[in-house]
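The structure appears below as structure tokens.
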Amino acid sequence: MMFLPRLYARLCARHVGSSLLANRITQNYSQFMHCPEADVPADFLRENAWELSGFGFVEQVFPPALWRRNVRFDLYQRVTEMTREQDFYCQPRTLLLGMRWAGFGLVMDALLSTAPDDVQFQFITHYPALHKLMAAHEARRAGSFFARQRRVTVLMMDERLAGAPLFMTRAGEQPAWLTDVSTRFLTRYGYGIRTLLPACSLHSPAFRLESQRYAPADYRQAATATLNALRNTPTLWSAWDDLSVIYHG
């Protein structure tokens, strides 16, 4: 990671315990993971701040052309291998379920940079860094819905999108509300569903991505599985200070 993002991440991790958000994040973690606040891992706040502040700084401050320099390995090659092994673009239209985990924007940059020439992308999100990324890859921007090019639509599930319908599911024992999508629409227009999740930190040379395919009729199952994957890598997720969006719709 470049010097400035690394310095910022260290400062955030060092002082996170004294921040105004610390108690709120601890309470949300306790509620979501169903453990007493006293049992929240001692290093959780520090590791969470380290993961999110470094890559968040990169995505917010630097142009996308510089993002890949903040990873210790060839992220483009890693993503290329994953998409080849998974036959990632095998369907004419793909709904990719995303959540705000550390380095998500960098991985999206790698997808846009390495996808076959006839694949176009669309982001459904309020996140400014992803709109900045799309502007940097203007040739990848999806045009007409009925164009012949393959299309990947990225839906950020841990945001509340204006006017979007919701469905209730469960995060462990906790009721949760997620954005709903018409399975009839997905089926009619040939969409397949994919998840994309980190198996470990993007800081690690062992970083890899896990992706599962779902049929259009299984959208809610895919969305619920993506949300519950947070339990496997809790330090990588950025929504701990705003779980009310998931809890209350």
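Each residue takes its place number in the sequence, starting with 1.
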May I ask you to decide if S201's main-chain N or O and E51's side chain share a donor-acceptor pair within less than 3.5 Å?
no

Looking only at heavy atoms, the pair that brings F73 and S204 closest together is CE2-O, 3.2 Å

Using 4.0 Å as the upper bound for N to carboxylate O, is an ion pair formed by E210 and R208?
yes

Please report the shortest heavy-atom distance between A110 and L75, naming the atom on each side.
CB-CG, 4.1 Å

Side chains of L111 and L196, heavy atoms from C-beta outward: is any pair under 4.5 Å?
yes

If the threshold is 4.0 Å, N to carboxylate O, is there a salt bridge linking R220 and D180?
yes

What I want to check is whether the side chains of E81 and Q77 have a donor and an acceptor closer together than 3.5 Å.
yes

Identify whether F167 and L155 are in the same connected component of the hydrophobic contact network (ILVMFWY, side-chain heavy atoms under 4.5 Å).
yes

Checking L209 against V107 for the side chain to side chain contact (heavy atoms under 4.5 Å, CB included) test, could you report, in this order, the C-alpha distance in whole Å, the side-chain angles of both residues, the deciding distance, and whether it holds?
CA-CA 9 Å; L209 292 161; V107 171; 3.8 Å; yes

Sequence neighbours excluded, the answer for side-chain contact (heavy atoms from CB on, under 4.5 Å) partners of A225 is Y214

Verify the distance criterion only: is there a donor paired with an acceptor across the side chains of Q122 and T153 at less than 3.5 Å?
yes

Would you confirm whether W67, through its side chain, and D109, through its main-chain N or O, come within 3.5 Å as a donor-acceptor pair?
no

More than 12 heavy atoms from other groups under 6.0 Å of CD on Q212:
no

Is any side-chain heavy atom of F123 less than 4.5 Å from a side-chain heavy atom of M108?
yes

Could you label the plane-to-plane angle of the W101 and W237 rings as parallel, tilted or perpendicular, counting under 30° as parallel and over 60° as perpendicular?
perpendicular

Hey, do the aromatic rings of F145 and Y189 have their centres closer than 6.0 Å?
yes

Can you list the residues that meet the side-chain contact (heavy atoms from CB on, under 4.5 Å) rule with P116, with sequence neighbours excluded?
Y89, D118, V119, R150

Between N70 (side chain) and L66 (backbone), is there a donor-acceptor pair under 3.5 Å?
yes

If the condition is side-chain contact (heavy atoms from CB on, under 4.5 Å), which residues does H131 pass it with, not counting sequence neighbours?
T125

If you measure only the distance, is there a donor-acceptor pair under 3.5 Å linking the side chains of T183 and Y219?
no

To check you understand the geometry: which heavy-atom pair defines the closest contact between T233 and A199, and what is its length?
CG2-O, 4.0 Å

Can you find a side-chain donor-acceptor pair between S211 and R194 that sits under 3.5 Å?
yes

Distance-only, no hydrogens or angles: does the K132 side chain make a donor-acceptor pair with backbone N or O of Q60 under 3.5 Å?
yes

If we ignore angles and hydrogens, is there a donor and acceptor under 3.5 Å between the side chains of E59 and Y127?
yes

If the threshold is 4.0 Å, N to carboxylate O, is there a salt bridge linking R141 and E138?
yes

I124 reachable from L178 in the ILVMFWY side-chain graph, under 4.5 Å edges:
yes

